[in-house]
Amino acid sequence: MTDRPGEHTRAVHVPAGATPTEQPMRMPVHRATTYAFSSSQDYADVLDGVRDGYSYARIDNPTSDAFADAVATLEGGGLNPDTEVRGQAFASGMAAISTTLLALTHSGSHVVAARSIYGNTYSLLDGMLRRFGVATDFVDATDPTAVRAAIRPETRVVLTETLANPTMDVADVPALATVAHEAGAVLVVDSTFASPAVCRPLEHGADLVLHSATKYLGGHSDATGGVVVGSPELLARVRAARVDLGPCLAADEAFLLHRGLETLPLRVSRQCATALELATAVAEHPHVDRVDHPGLPTHAGHALASRLFDRDPGTGQPRYGAVVTITPRGGRTAGMDLADRLRLGTVAASLGGTHTLVGHVASTTHRQLSPAALAEAGIGESAVRVSVGLEDPADLIADVLRALDGQ
Ligand SMILES: *Cc1c(COP(=O)(O)O)cnc(C)c1O
């Protein structure tokens, strides 16, 4: 019998790598699900919030927190330095949306949501949340009067998107904030299509901003995540719901999303400039019925976008987002043919990545809508959504013009 521990003990109790005292220039991926405490009292103190600390990965994770804090910095940029803005990271955009709605409502609550809202957000509100006693009215959120008319004494949340898919409706965030706050409700803005490089809704009165980080924030079509940003008080409610529900962002995904943020302004400024060039180049094409992009003076949201959206420091041009919806003349097949003829634009779900991705709207994101419902939503049956990537603008425009010419 020696004092030497057995091989299994030695295998498990391998020396822990030292935590470097030098700040790593890249956020480490903290995969640990659990953390060691110096004493039972210290563990209890962390759980009770007596001191800040990490205990368990579903509750908090340093890599995921670093990503959420970085988004909070981008969304809160330019705010009064006394106004603290916090972030919470999620496993997906829908995890961020569902957790936020569950945190802010209870049975008997009422929600007013934009009728153009993302499809899964719509089915969450219209299906599961309705079953749990949360009622939602869907209204034209570009009309703050319509939103005000839908408000009830039980309204807790007004939910809209900065830029709505696929018509690129622009939310009048300041007006909606006034309407929501008059009613004692919280204005939640899904800013996925804008990203903080285009618009920061908190600066215009929104209470919570959320994103599918899967899109522009990550930006490389290789990580799924979501994030919610807002005041510490609201974020504490969102975090409590997240801890109970469990949709935490995994550290590996957080690493990729965090890295994506470094090039967000570079990517998005370039994508917005190309999108405006593309929209302008195809707007007058004889085979095009209509082009939806807020950068075009003909778009209903042009003046609002010019007021609310960031200007490119180089050109002084506002960034109008990087999605262009092209509606060619003809029916469904004209739209599908346009999408299929593109060589640089790839038919695929999602948006906001480095590659230009396209989709025929009526057969994909809006396939549940009848022809009448499509018409009412202002969506042509041949509409094709183009999420502009980082290709050279001239190459992309030539590709779209060639496809429009039927070649
Ligand atoms: C993609 C998307 C979502 C959902 O995000 P996931 O990461 O796919 O869960 C929500 N809102 C908008 C506007 C989106 O584009």
Side-chain angles (χ1 to χ4, degrees), residues 163 165-168 192-195 197-198 212 214-224 256 260 263-296 299 312 314-315 317 319-330 332-366 379-407:
L163 280 169
N165 181 38
T167 47
M168 298 301 113
T192 300
F193 271 64
S195 92
V198 169
S212 165
T214 317
K215 318 292 171 50
Y216 288 101
L217 301 186
H220 294 75
S221 306
D222 58 4
T224 303
L256 291 170
T263 55
L264 178 78
L266 268 179
R267 286 184 281 109
V268 170
S269 62
R270 159 75 176 226
Q271 286 165 320
C272 288
T274 308
L276 181 58
E277 239 186 278
L278 171 66
T280 308
V282 300
E284 303 299 328
H285 191 281
H287 295 169
V288 169
D289 188 31
R290 112 173 207 219
V291 176
D292 291 294
H293 183 70
L296 297 177
H299 190 274
D312 201 274
T315 60
Q317 185 77 251
R319 294 174 182 159
Y320 291 106
V323 174
V324 180
T325 299
I326 302 173
T327 305
R329 292 191 200 283
R332 280 181 174 244
T333 37
M336 288 184 156
D337 287 350
L338 171 62
D340 293 351
R341 273 192 214 112
L342 293 172
R343 292 180 194 142
L344 295 178
T346 307
V347 175
S350 199
L351 68 144
T354 53
H355 290 63
T356 294
L357 300 183
V358 300
H360 171 243
V361 176
S363 62
T364 59
T365 54
H366 290 65
I379 302 166
E381 287 203 50
S382 61
V384 174
R385 184 183 83 188
V386 182
S387 164
V388 170
L390 291 177
E391 297 88 351
D392 284 293
D395 294 339
L396 193 62
I397 291 166
D399 191 38
V400 175
L401 290 174
R402 181 191 47 71
L404 279 171
D405 288 334
Q407 293 161 26

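Keep in mind that what you see is a predicted model, and the values were worked out from it rather than measured.
- Residue I326 holds its CD1 atom at 14.0 Å from NE2 of H287, rounded to the nearest 0.5 Å.
- Between the side chain of R267 and the backbone N or O of H220 there is no donor-acceptor pair closer than 3.5 Å.
- When the options P294, S195, C272 are evaluated for a side chain to side chain contact (heavy atoms under 4.5 Å, CB included) with R319, the one that passes is C272.
- Using a 4.5 Å cut-off on side-chain heavy atoms (C-beta onward), V268 and V198 make contact.
- The heavy-atom pair separating D292 from T167 by the smallest distance is CB-O, 3.6 Å.
- With rounding to the nearest 0.5 angstrom, the OG1 atom of T364 is 8.0 Å from the CE atom of M336.
- A donor-acceptor pair under 3.5 Å is formed between the side chain of Q271 and the backbone N or O of G353.
- A salt bridge is absent between D312 and R270; no separation between the charged side-chain nitrogens and carboxylate oxygens falls under 4.0 Å.
- Considering only heavy atoms from C-beta on, T356 stays 4.5 Å or farther from L344 through its side chain.
- Distance check: M168 CE to Y320 OH gives 15.0 Å after rounding to the nearest 0.5 Å.
- The minimum heavy-atom distance between S382 and P328, with the atom names listed, is OG-O, 2.7 Å.
- Residues S212 and T192 share a closest heavy-atom pair of N-OG1, 2.9 Å.
- Looking at R329, its side chain does come within 3.5 Å of a backbone N or O of P286 through a donor-acceptor pair.
- A distance of 13.5 Å separates CG in L396 from CZ in R343, rounded to the nearest 0.5 Å.
- Of all the heavy atoms in L357 and A349, the pair that sits closest is CD1-O, 3.4 Å.
- Judged purely by atom type and a 3.5 angstrom limit, H293 uses its side chain to pair as donor or acceptor with the backbone of V323.
- Counted within 6.0 Å of NE2 on H285, heavy atoms from surrounding residues, nucleotides or ligands total more than 12; the atom is thus considered enclosed.
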Does R402 form a salt bridge (charged side-chain N to carboxylate O under 4.0 Å, His left out) with D405? I'd like the steps, not just the answer. CA-CA 5 Å; R402 181 191 47 71; D405 288 334; over 6 Å; no
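- To the nearest 0.5 angstrom, I379 atom CD1 is 8.5 Å from R290 atom CZ.
- The shortest distance between side-chain heavy atoms of H366 and P166 falls below 4.5 Å.
- For the residue pair Y216 and L264, the shortest heavy atom distance occurs at O-CD1, 3.4 Å.
- For E284, the CD atom is loosely surrounded, since the number of other residues' heavy atoms within 6.0 Å does not exceed 12.
- At least one donor-acceptor pair under 3.5 Å links the side chain of T315 to the backbone N or O of Q317.
- In this structure, OG1 on T224 lies 9.5 Å from NZ on K215, to the nearest 0.5 angstrom.
- Looking only at distances, no side-chain donor or acceptor of H355 sits under 3.5 Å from a matching main-chain atom of E391.
- The minimum heavy-atom distance between R385 and S350, with the atom names listed, is NH2-O, 3.3 Å.
- For the pair V400 and L278, the minimum side-chain heavy-atom distance is below 4.5 Å.
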